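Let me begin by presenting the structure, written as structure tokens, before commenting on it.
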Protein chains: 2
Amino acid sequence: MDEMTQPLPLEEKPEKKLRKGERTRAQILEAALDLFRDRGYDETTMRAIAERAGVAVGNAYYYFRSKEHLIQAFYERTHQEHLEASRAILAREKGLRERLLGVMRAKLDTIMPYHNFSGVLFKTAADPASPLNPFSQDSEPVRRQSTELFAEVVSGADTRLTPDLAAALPNLLWIYHMGIILFWIHDSSPGCRRSYFLMERSVKLILRLISLFQFPLLRPFLKELLGMVAELRAP
Amino acid sequence: MDEMTQPLPLEEKPEKKLRKGERTRAQILEAALDLFRDRGYDETTMRAIAERAGVAVGNAYYYFRSKEHLIQAFYERTHQEHLEASRAILAREKGLRERLLGVMRAKLDTIMPYHNFSGVLFKTAADPASPLNPFSQDSEPVRRQSTELFAEVVSGADTRLTPDLAAALPNLLWIYHMGIILFWIHDSSPGCRRSYFLMERSVKLILRLISLFQFPLLRPFLKELLGMVAELRAP
DNA sequence: TCCTGTAGTTGAACGCGTTCAATTCAGCGC
DNA sequence: GCGCTGAATTGAACGCGTTCAACTACAGGA
């Protein structure tokens, strides 16, 4: 119901119709999200979206390159919601465990309302050719923001970490959180409680692992793990 | 080039045309896989498949419920190829490291020719509603066979393992190998060498981890990890 | 006021996956 | 041979996402 996704009025010309295209774009997006929520993605046609928005089919393609790109708008919306929910948690909690747990729980809470049709959503997201897939160039901003969030989870905590581990953790945690989401997508337990269970237990395990890595016995192992990740990130 | 995927001649009637439908089915599948490999999935039309198979387009739908179901045939075929390639390796190698490395390398070698359209493969596989997704009831047989393969990798090795770890390893290794495939799908490096690199390095790490778990210091951690996995498998 | 270029808009048309009523084929009892 | 039944096969047709040549609206300079 709220106004547009990327409302960037660079030049403030007249008050009312500062850019006609932006209004049309918002109408199309709103129509699409409404229909997606009501009927599901596959059951919503571009013709129906255009009709509800009061424009011709071709016009929708003037503002959104494809039907999938309409999903991306939704995707970014939940992403923003998660960032805001996380900010409150990170301002409150200081322990690494509480911070990670809070951010991960906020993530699941944010996407929970959309579990029904998340399948189609992430189905397209899993395609390497799709602009929606989390590893693509197209979604680099969202990925970077997300990784920075985990960087703040780590850096703002009162836990002491070795520099190399602290540097690698944001990316490792981002991959970890993708794994939890992948599990959640396939989770059909009531309320997705298995996903919450897995998340809580695995967060516990991660913190245990982190503290274990303080022991000199495990340092070589950690070194090798971090070396591998570093080499993969810089081909 | 070889003959059909599921050649199960239950009744041996005449020699040549024991079941006409089976030949047609094989022709369609062969045409589809050839075209998928040469042009990719999206660029291959059902009309092109039918034409190459020498049948009408509707006939393809008599044998395969959808274009996606043709993927499943591919999935099972590469799976079988991998099983056979692995058998030779497991008969030869006795070290756990060599066995796991060999099986994982065989996996990548098997699916490499199809890297072009593997994206679509995982795209459909990621949809929880799809019968193709690796966690579904429908693909349980393949998943079980695959897990049993990793069970043989572990049980046939000369490495000594604690019983609880040995019991959980097959499932953990199956999940690990899914992760490698996920990386491979998004790997655009020449010859997918990054995937091979990740696989080799991570196999090393896994064996290091396994030997580390012999130390009493890490036993509680292992216990907790195995406990979590067990609880997730039996909801 | 007219001209011109750009942003915005249209809808017919294309190729696709998929469906299905209609048709042919193959095997079997008589 | 005949008739029957189910398997196999056909191809036109449907609805879909997407494209694009053509059109309109409008701001700003001459």
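Below, chain A is the first sequence line, B the second, and so on; all start at residue 1. None of these values were measured; they are calculated from a predicted model.
At whole-Å resolution of the value, CZ in A:Phe64 and C1' in D:dG17 are 16 Å apart. Across the protein-nucleic acid pair, A:Arg47 atom CZ and D:dT19 atom C1' stand 12 Å apart, rounded to whole Å. The distance from atom CE of B:Met46 to atom P of D:dG15 is 20 Å, rounded to the nearest whole Å. Between A:Arg23 atom CZ and C:dA7 atom C1' the separation is 14 Å, expressed in whole Å. Protein atom CZ of B:Arg25 is 13 Å distant from nucleotide atom P of D:dT9, rounded to whole Å. Atom CD of A:Glu51 and atom C1' of D:dC16 are 15 Å apart (whole Å). Look at CG on B:Asp42: it is 15 Å from P on D:dG17, rounded to the nearest Å. Counting to the nearest Å, the P atom of C:dC16 and the CZ atom of B:Arg39 are 10 Å from each other.
The 12-atom threshold is exceeded at CD of A:Glu43, counting heavy atoms of other residues, nucleotides or ligands nearer than 6.0 Å.
Residue contacts for B:Val57: at a heavy-atom cut-off of 4.0 Å it reaches a base atom on one of the strands shown. Note on A:Tyr63: only backbone sugar-phosphate atoms sit closer than 4.0 angstrom, heavy atoms only; bases stay farther off.
For B:Tyr62, counting side-chain heavy atoms from C-beta on, the closest listed nucleotide (D:dA8, C:dG17, C:dT10) is D:dA8. Considering only side-chain atoms of A:Ala56, the nucleotide from D:dT18, C:dT10, C:dG17 that sits closest is C:dT10. Minimum atom distance to the side chain of B:Tyr61 is reached by C:dT19, of the listed C:dT19, D:dG17, D:dT10. Comparing D:dT10, D:dG17, D:dA7 against the side chain of B:Asn59 picks out D:dT10 as the nearest.
Residues B:Tyr114 and B:Thr78 bring no donor and acceptor atom of their side chains to less than 3.5 Å of each other.
Listed pair B:Thr24 / D:dT9 meets the phosphate criterion, a side-chain N or O lying under 4.0 Å from OP1 or OP2.
Comment: B:Glu148 engages B:Arg144 in a salt bridge, judged by a side-chain N to carboxylate O separation of less than 4.0 angstrom. Between A:Glu30 and A:Arg52 no salt bridge is recorded (no basic side-chain N to carboxylate O distance below 4.0 Å).
A cation-pi arrangement is present between B:Lys67 and B:Tyr41 under the rule of less than 6.0 angstrom and at most 45 degrees off the ring axis.
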